[in-house]
Amino acid sequence: MRTIASALDRNTAHEAWDWITYGYKEAEEALRSREAATFALTQQDTHIEWIIRPVTFLPLAHRESRRLPACAEQFSCHTTHKIARHQANDLSSPS
């Protein structure tokens, strides 16, 4: 939001900064109550809307899997998953 706010016209930027400063509290409260929350901005002919919904479960890729998604290397713990990947490779290579 802060990045987008810097590119907005003055009035719309004020709306964004007001939400950043105070409005997010309503969104937090809605999520605590397991409800969705929205925030929208309109500048000229562009309308941007954020919808925040509570989730119960987010599936994650198992780090020891042989077929990790492409993004796995971007967000990795450099000490644990490489060890697990090498171990998996050792198991799959013929002896």
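Quick caveat: nothing in here was measured; it's all calculated off a predicted structure.
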Side chain proximity check, Y24 to M1, heavy atoms < 4.5 angstrom: no
E15 side chain to L41 backbone, donor-acceptor under 3.5 Å: no
Rounded to the nearest 0.5 Å, what separates atom [atom1] in [X] from atom [atom2] in [Y]?
X	Y	atom1	atom2	answer
I52	E28	CD1	CD	9.5 Å
H14	R10	NE2	CZ	4.5 Å
I20	F39	CD1	CZ	7.5 Å

Taking all atoms of both residues into account, what is the closest heavy-atom pair of [X] and [Y], and its distance?
X	Y	answer
A13	L8	N-CB, 3.8 Å
A36	A30	O-CB, 3.9 Å
P54	R34	CG-C, 3.6 Å

